[in-house]
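Taking it in order: structure first as structure tokens, then the write-up.
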Amino acid sequence: MEKVQGEMEIERWERSEDMSDAEKKVIQETWSRVYANCEDVGVSILIRFFVNFPSAKQYFSQFKHMEDPLEMERSLQLRKHARRVMGAINTVVENLNDSEKVSSVLALVGKAHALKHKVEPVYFKILTGVMLEVIAEEYANDFTPEVQRAWTKMRSLIYTNVTAAYKEEPPGEVVTAAAK
């Protein structure tokens, strides 16, 4: 049975809390170490995501039939997507002091996934959780309780901004005769 992380959690982390300047600095400092290994960390995140939540692979025609983590690790398409994910997060981290830029970047991600790719929003909750797990494990010495709190706010920021696109009415919605 596929585990679904956090489904029964109280959804307090989903409400985006403002980050202090100190928390933004902590995120930027830890991220600089993570981003130095951008592709490898991104691949680790996606592999764990797909191994633990195989239903997420349905949105990826290039690697949805892959079962073996080693095959996933060698997949050029998976590596490309990992770089894309990590690049988007990097843009957010670099612009934490510009809330409009952060919202704009994450809104674009959300709209693409909601409208074009038709990804269910729960997968962003799961993916951001997996991201924190992998970073906490691979950078255990850096992941103090203070860093964990800051990254939990970052997770919330990503999730709430990306999934906001799902709450908007899709553009070009056809108005039926009954609605006129």
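What you see below is based on every heavy atom in this structure, not just the backbone, and it leaves out hydrogens, waters and symmetry mates.
- For the pair Val34 and Met86, the minimum side-chain heavy-atom distance is below 4.5 Å.
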When the side chains of residues 103-111 are checked against the rest of the protein, which donor-acceptor pairs come out under 3.5 Å, sequence neighbours left out?
| from | atom 1 | to | atom 2 | distance (Å) |
| --- | --- | --- | --- | --- |
| Ser103 | OG | Ser99 | O | 3.0 |
| Ser103 | OG | Asn161 | OD1 | 3.3 |

Stepwise, does the side chain to side chain contact (heavy atoms under 4.5 Å, CB included) test hold for Val41 with Tyr139?
CA-CA 10 Å; Val41 175; Tyr139 298 87; 3.6 Å; yes
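- For Phe50, the ring-ring contact (aromatic ring centres under 6.0 Å, His included) criterion is met by Phe60, Phe63, not counting sequence neighbours.
- Atom OG1 of Thr128 is separated from atom CZ of Phe49 by 9.5 Å, given to the nearest 0.5 angstrom.
- Note that CD of Glu39 is 9.5 Å distant from CG of Leu78, once rounded to the nearest 0.5 Å.
- Closest of all the heavy-atom pairs between Ala82 and Gly42 is CB-C, 3.5 Å.
- Heavy-atom minimum distance, Tyr59 versus Val119: CE2-CA, 3.6 Å.
- For the pair Thr91 and Lys101, the minimum side-chain heavy-atom distance is below 4.5 Å.
- With hydrogens and angles disregarded, a donor-acceptor distance shorter than 3.5 Å links the side chain of Arg155 to the backbone of Lys125.
- Partners of His117 according to the ring-ring contact (aromatic ring centres under 6.0 Å, His included) rule, which considers only residues two or more places apart in sequence or in another chain, are His113.
- Judged by distance alone, with hydrogens and angles left aside, the side-chain atoms of Ser20 form a donor-acceptor pair with the main-chain N or O of Glu23 at under 3.5 Å.
- Between Ala136 and Phe143, the closest heavy-atom pair is CB-CD2, 3.4 Å.
- Here the NZ-CE distance, from Lys24 to Met19, works out to 7.0 Å after rounding to the nearest 0.5 Å.
- Other residues, nucleotides and ligands contribute only 12 or fewer heavy atoms inside 6.0 Å of the CD atom of Glu146.
- What you find for Ala150 and Ile27 is that their closest heavy atoms are O-CD1, 3.3 Å.
- Judged by distance alone, with hydrogens and angles left aside, the side-chain atoms of Tyr166 form no donor-acceptor pair with the main-chain N or O of Glu120 at under 3.5 Å.
- When all heavy atoms are compared, the tightest approach of Asn95 to Val102 is O-CG2, 3.2 Å.
- Atom CD1 in Ile89 sits 7.0 Å away from atom CE in Met154 (nearest 0.5 Å).
- Atom CD1 of residue Ile135 and atom CD of residue Glu133 lie 11.0 Å apart, to the nearest 0.5 angstrom.
- Contact record, Ile45 with Leu127: CG2-CD1, 3.8 Å, taken as the closest heavy-atom pair.
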May I have the step-by-step check of side chain to side chain contact (heavy atoms under 4.5 Å, CB included) for Tyr35 and Val93, ending in yes or no?
CA-CA 10 Å; Tyr35 199 66; Val93 170; over 6 Å; no
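- Side-chain contact between Met72 and Glu67 is absent, with no heavy-atom pair separated by less than 4.5 Å.
- Looking at heavy atoms from C-beta onward, Lys25 lies in side-chain contact with Glu29 at the 4.5 angstrom threshold.
- For the pair Ile158 and Met131, the minimum side-chain heavy-atom distance is below 4.5 Å.
- No donor-acceptor distance shorter than 3.5 angstrom exists from the side chain of Gln58 to the backbone of Lys64, with no hydrogens or angles considered.
- With values rounded to the nearest 0.5 angstrom, Leu46 atom CG is found 12.0 Å from Lys57 atom NZ.
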